[in-house]
Structures are given as C-alpha cells and as structure tokens.
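Structure record follows, encoded as structure tokens.
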Amino acid sequence: MEEKSFWQRNQSDKAQNQIAREAKKFGLDKKALNIAYNACKDLDAFDPALTDYLEPPEEDLAYAIEKKALLRLPLNNHDQTISMLRDKVRQMDRVSLVNSFVASLSAGRPDWRSPLSSYAYHLHHPAHDAQEKALGHTGNYECQICGFLRNPNNGHAGVIEYILIRFRGGGIHHPSPGYALADLIWSQEGEKVKPSEADWKILLKIFSVIRALPETDQLKELNESLSGLVKGNKSDRQGILETLGYCGILTARSRPIVCNTWFRPHEDLPPHFYKKEWRYPTCWWTGEEGLNEEAIAFWFPELSLM
C-alpha cells in the first residue's frame, strides 16, 4: 500500500471531528493539532498506533510551534536537554503545579495533572555527563544514569508525540527527561488554573477514603476507591494515584521516595504482573502502607485550613 503524504492523513470526518474536539478541550489551534496528528498518528489507518512518522513540512512545523502545539527541543543532545530540564525544574512554581493537579480532579484534564508528576519525579535530577549504551539494533542510545533516549534519526518526532501523550496525562513517560522538559514548558507557558473549593474537597475526600481502606487492600481496591470521586475512567484514576506516588504520598516505607532523591526505580518492580502495570512507587502500595501524612502537608498545605 502506498504511503500517504503528510496532508492526506486524518482526512475523514471522524478524524477531523476528534481533532476538533481535542483542540477545543485542550485550548489548542485545530490546524496546529492537525499537524501534530498528521506527523505521527493517522486516525484513518487500520491501526493508528502503528502510523509511521512523517516529518512535517517546515512551514507547518513552524505554525504548530507558534501556536504552542509543538516545541523545538534538542532531544538528540543529552547534556543540553538535561541542563534545560534542571533549569526548568528550578523555575517552576510549585503552587501553580499543585493548583493544576487539584483542578484536574473535576475538570477531566489529564494534561493539567501531568506536570506535577514530571516536576516531582525530576526534582533532584542530577547534573551528569551522558553514559550511553546502544539498545540493540533500534538506533537508540540510552543514558544509564537518567534513561535519556537519543536517536539521531528522529528529528522532531519526540516533541510531536509528546503533545498527544500529554493529553492522556503522561502515562509511563514522566521518567523521560525529554517528556518532562516539554511537559513543564507547556505548563509554564499555559493558562494558570485555580482549583475551586469543590476541587479541594474532592482531594480531601480522596485522602479520607484511602485512609479508611483495610490494611489487606491492594491496588485494585485503591483504584476502585476513587470511582465516582474524580472525572475519568480507570486509567485516569490510576494516573492520579501515581502522581500521589511520585509526590511520596502513596509509597512504601521500605523504599526510597522519588521526590526526595534521585534514582532510577525501573528495575525495582513487584513480581506480580498486575502491579507491574503501575508506576513506582505506587506499584508497591498496600493498605498497610496508608498515606504519608508529612508529604500531604508538604504538597497540599491548604488542606490543613479546611
């Protein structure tokens, strides 16, 4: 089958309607978002997830960057990316990140939730020289200290995919320095969101129901405890809980807290296959662990006034 050219992708009414809905929901220019989709996901394809990457025409790429749907970042330069990420973390306003997270609970905006995870995970990202190792025949090189992936042939693919990943809350990508950098830039340059009193009460209720869970409960019960409290599905609830994990609120007392130090926890996963679907350290949580009350007080001091 002949490969479609850039603007032959996503032409159906169904694809255009989805792009229009997402552009409206996330406050983006529709054409700019269309460019991001055309580059890496053809919703009209048999399997959109397997769409080959197409470099956008330079004029279209410039348009999407101007409209803040894409970024131009040095994602094939380890040292420059890590330096930018460390600088960005220092520049971030923690209160704004917390506000966005709390507001996301009722708004159903995973993109508002994502930056707090990126910030907490990389709060102590160290300055270091790249220690790269080739990953088989993929063309990727991975830094053994921070996990930074570099592929000299990728062009702008990373930042184009990141905007679509951010719509889903970041998922497994928060440990990625490239994603975290893009996430924090978009957060800093985007709208400043303030949660309502009702949003804070939702967060208060979340902590109340988790405190009440039996010590024998596992991640399944933890996820189900948020059902009806927050807007979204099972995956959205898991994303919220994993953010609390990155912040050291849902953790295991026997393991390091992500936001307190730097380490790569990707190899420290439970043996159970279901728990491996969760991010560290939430994957180690049980009802016996409860909540880290000191971490709640640090990240959400407003709750003490309610």
Between [Y] and [X], is the closest basic N to carboxylate O distance under 4.0 Å?
X: Arg211; Y: Glu293; answer: yes
X: Asp29; Y: Lys31; answer: no
X: Asp183; Y: Arg166; answer: yes
X: Lys194; Y: Glu302; answer: no

Specify the closest pair of heavy atoms between [X] and [Y], including all atoms of both residues, with the distance to one decimal.
X: Lys275; Y: Trp285; result: NZ-O, 4.2 Å
X: Phe6; Y: Pro56; result: CE1-CA, 3.6 Å
X: Ile160; Y: Cys40; result: CG2-SG, 3.8 Å
X: Pro74; Y: Thr81; result: O-OG1, 2.7 Å
X: Gly232; Y: Arg237; result: O-NH1, 4.0 Å
X: Ser176; Y: Tyr162; result: OG-OH, 3.5 Å

Under 3.5 Å, is there a donor-acceptor pair between the side chain of [X] and the main chain of [Y]?
X: Thr243; Y: Gly239; answer: yes
X: Asp44; Y: Gln11; answer: yes
X: Ser227; Y: Glu224; answer: no
X: His124; Y: Cys259; answer: yes
X: Asp42; Y: Thr51; answer: no
X: Asn10; Y: Lys41; answer: yes

Any side-chain heavy-atom pair of [X] and [Y] under 4.5 Å:
X: Leu43; Y: Lys14; value: no
X: Tyr246; Y: Tyr280; value: no
X: Leu222; Y: Ile210; value: yes
X: Ile202; Y: Ser106; value: yes
X: Asp217; Y: Pro214; value: yes
X: Glu289; Y: Trp284; value: no
X: Thr282; Y: Glu242; value: yes
X: Glu142; Y: Gln144; value: yes

Verify side chain to side chain contact (heavy atoms under 4.5 Å, CB included) between Phe167 and Leu28, making sure each step is shown before the conclusion.
-> CA-CA 11 Å; Phe167 291 168; Leu28 291 172; 3.5 Å; yes

Does Phe263 have Arg255 sitting over its ring (NZ/CZ under 6.0 Å from centre, angle to axis within 45°)?
-> no

Cation-aromatic face contact Arg113/Phe101, 6.0 Å, 45 degrees | no

Can you get from [X] to [Y] by hopping between Ile, Leu, Val, Met, Phe, Trp and Tyr side chains that sit under 4.5 Å apart?
X: Leu229; Y: Leu250; value: yes
X: Leu204; Y: Val102; value: yes
X: Phe148; Y: Val89; value: no
X: Ile257; Y: Tyr119; value: no
X: Ile172; Y: Val258; value: no

What's the spacing between [X] [atom1] and [Y] [atom2] if we round to 0.5 Å?
X: Gln131; Y: Cys146; atom1: CD; atom2: SG; answer: 10.0 Å
X: Lys276; Y: Cys283; atom1: NZ; atom2: SG; answer: 10.5 Å
X: Ile240; Y: Ile206; atom1: CD1; atom2: CD1; answer: 6.0 Å
X: Trp186; Y: Ser114; atom1: CH2; atom2: OG; answer: 10.0 Å
X: Leu149; Y: Glu132; atom1: CG; atom2: CD; answer: 9.5 Å
X: His173; Y: Ile165; atom1: NE2; atom2: CD1; answer: 3.5 Å

Strictly by modelled atom types, are [X] and [Y] linked by a side-chain donor-acceptor pair under 3.5 Å?
X: Glu22; Y: Tyr37; value: yes
X: Thr251; Y: Asn292; value: no
X: Arg9; Y: Asn38; value: no
X: Gln8; Y: Ser5; value: yes
X: Ser96; Y: Asn99; value: no
X: Gln16; Y: Asn34; value: yes

Pair Tyr121 + His174: ring centers closer than 6.0 Å | no

Are there over 12 heavy-atom neighbours, none belonging to [X], within less than 6.0 Å of that residue's [atom1]?
X: Tyr141; atom1: OH; value: no
X: Lys30; atom1: NZ; value: yes
X: Lys192; atom1: NZ; value: yes
X: Gln91; atom1: CD; value: yes
X: Asp87; atom1: CG; value: yes
X: Lys234; atom1: NZ; value: no

Check against side chain to side chain contact (heavy atoms under 4.5 Å, CB included), Met92 and Ser187 = CA-CA 9 Å; Met92 298 305 295; Ser187 174; 4.0 Å; yes

Worked check of side chain to side chain contact (heavy atoms under 4.5 Å, CB included) between Trp299 and Glu294 = CA-CA 9 Å; Trp299 291 99; Glu294 290 184 3; over 6 Å; no

Step-by-step side chain to side chain contact (heavy atoms under 4.5 Å, CB included) determination, Glu161 to Tyr179 = CA-CA 9 Å; Glu161 293 172 344; Tyr179 175 78; over 6 Å; no

Can you list the steps and then say if Asp199 with Ser196 is a side chain to side chain donor-acceptor pair (under 3.5 Å)?
-> CA-CA 5 Å; Asp199 291 322; Ser196 65; 3.2 Å; yes

May I ask you to decide if the ring planes of His128 and His78 are parallel, tilted or perpendicular, using 30° and 60° as cut-offs?
-> perpendicular

